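To keep things clear, I will list the structure first and then write my remarks on it.
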There are 2 protein chains.
Amino acid sequence: MALRNAVMAALLEGEASGYDLAKRFDTATADFWTSTPQQLYRELERMEGEGLIRARVVEQERRPNKRVFSLTEEGRSALHAFTRRPAKPTAIRDEMLVKLQAVDAGDAEAVRTTIMERMERARAKLARYERIRDRLLEGRSEEEYLRETDHVGPYLTLMRGRYFEEENLRWGGEVLAILDARAARRTSR
Amino acid sequence: MALRNAVMAALLEGEASGYDLAKRFDTATADFWTSTPQQLYRELERMEGEGLIRARVVEQERRPNKRVFSLTEEGRSALHAFTRRPAKPTAIRDEMLVKLQAVDAGDAEAVRTTIMERMERARAKLARYERIRDRLLEGRSEEEYLRETDHVGPYLTLMRGRYFEEENLRWGGEVLAILDARAARRTSR
DNA sequence: GATGTATATTCAATTTTCTGAATAGCAACA
DNA sequence: TGTTGCTATTCAGAAAATTGAATATACATC
């Protein structure tokens, strides 16, 4: 029942199809909530049944038709109620960090590779976030934007995503240096 | 089946009871993997059945007896194999960020409170991480420690946790300032 | 003497999530 | 002309996670 809150929050930015949402909630792109398409479509069905969202079919010429969802008034008020309830603590699950925790008994080279891949992914995410930011700002400075818009939520969560990935890169660099120094010492013995 | 890898990585640092692990994997204390006691005890049973860990009963005088688990050779090699497999991307789920995403249609005051609570928690976690760090360093500098120890994994993941919480505080401060400025503008209109 | 907190574990039911498909149209590329 | 990739969605089954208990001992505090 937690996914629906994330879905409603996403729909605040405008109507979206299940496919649109699936892209937004993909681990490769999401900055604070992830989900699979299957889960989303099922939840969307339920939410429509409960009147939180409504669907309209958009006929497309060069693509399969799609169902586009938007928030109902009921959904809006459910979302408002959600913002008043206490939030659960952040749930993190990161296999990369489990691997790193076990690096001393594991395959150091493989762990190193995983960290480098993660850094590459962080760079890609940062580039993506930067594009989204540009689209939001529309040429304005951050200060101007925040003064003029009545829609700060997406900007603030995006900011969080940006900081997170920037920090991933910084941390990853330090970790690689430490692992390298260690590997060098080991082979020289 | 992912929890077991985190459990094995934790047991690398020495034997632990289900209760010990439950504390380490608690959302309030964990830095990269969370789990409930129920889940842990069930998984520990299975892992023991599969020979990845072994248990010994410790009789205690002033407390209930406990079963203390340690890695078997089989567990060690399973952990080694895990470090060679590709890691799944980080899974984050953060209701606070969902609330913030929806702040424009929600209760701004409640969202503000949530962020302040999260910052308080970040401070507590940082203090905890600092204590763990001191215990690892034993008075040495970071450089000395990393040169001398053959056990860098826990230090590097701890570093990640520290950076993450520091950044939470920094970001939270900025967000509060922005929300405050917005609230001030709104009431003055 | 009661209440709350910490240790230590277990059971059962439900809900959620993940895995692995399958379908179907159209576009782009070799 | 075949292959791959993107849009768009659905089904079924298995695995994992969450929720809501319950039990028992012992210490500390009011």
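Because the structure is a prediction, the values reported are computed rather than measured. In what follows, chains are A, B, ... by sequence order, proteins preceding strands, each numbered from 1. Side chains included, hydrogens not; waters and symmetry mates left out as well; all remaining heavy atoms used.
Residue Val68(B) shares its hydrophobic cluster (ILVMFWY side chains chained together at separations under 4.5 Å) with Val58(B). Side-chain contacts under 4.5 Å among hydrophobic residues (ILVMFWY), followed directly or transitively, place Phe164(A) together with Ile92(A), Ile92(B), Phe164(B).
Contacts classified as salt bridge (Lys or Arg N to Asp or Glu O under 4.0 Å) and involving residues 68-85 of chain A (residues at least two apart or in different chains) are given here: Arg84(A)-Asp107(B). Listed by first then second residue, pairs satisfying ring-ring contact (aromatic ring centres under 6.0 Å, His included) with a partner in residues 66-119 of chain B number zero, not counting sequence neighbours.
The minimum heavy-atom distance between Arg67(B) and Ala55(B), with the atom names listed, is NH1-CB, 3.7 Å. The minimum heavy-atom distance between Gly18(A) and Leu44(A), with the atom names listed, is CA-CD1, 3.7 Å.
Position along DNA chain C of the nearest nucleotide to Leu3(A) versus Lys66(B) favours Lys66(B) as the more 5'-ward residue.
Under the salt bridge (charged side-chain N to carboxylate O under 4.0 Å, His left out) criterion, Asp20(B) pairs with no residue, sequence neighbours left out. When the salt bridge (charged side-chain N to carboxylate O under 4.0 Å, His left out) test is applied to Arg123(A), the partners found at least two apart in sequence or on another chain are Glu120(A). With sequence neighbours excluded, the residues that form a side chain to side chain contact (heavy atoms under 4.5 Å, CB included) with Arg128(B) are Thr29(B), Arg131(B), Ile132(B). Listed by chain and number, the residues in a side-chain hydrogen bond (donor to acceptor under 3.5 Å, both in side chains) with Glu166(B) amount to none (sequence neighbours excluded).
A heavy-atom distance below 4.5 Å is found between the side chains of Leu11(A) and Ile53(A).
Contacts between residues 74-89 of chain B and DNA chain C, defined by a heavy-atom separation below 4.0 Å, involve Lys88(B), listed by number. For the contact set between residues 8-31 of chain A and DNA chain C, defined by any heavy atom under 4.0 Å, there are no members.
The end-to-end axis angle of the helix from dG1(C)-dC30(D) to dA30(C)-dT1(D), rounded to 10 degrees and based on five pairs per end, is 40°.
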Pairs under 3.5 Å (N/O, protein and nucleotides 10-16 of chain C):
unit_1  : atom_1 : unit_2  : atom_2 : d
dT16(C) : OP1    : Met1(A) : N      : 2.4

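Partner of Pro89(A) under the side chain to side chain contact (heavy atoms under 4.5 Å, CB included) criterion, out of Asp94(B), Thr27(B), Thr34(B): Thr27(B) alone.
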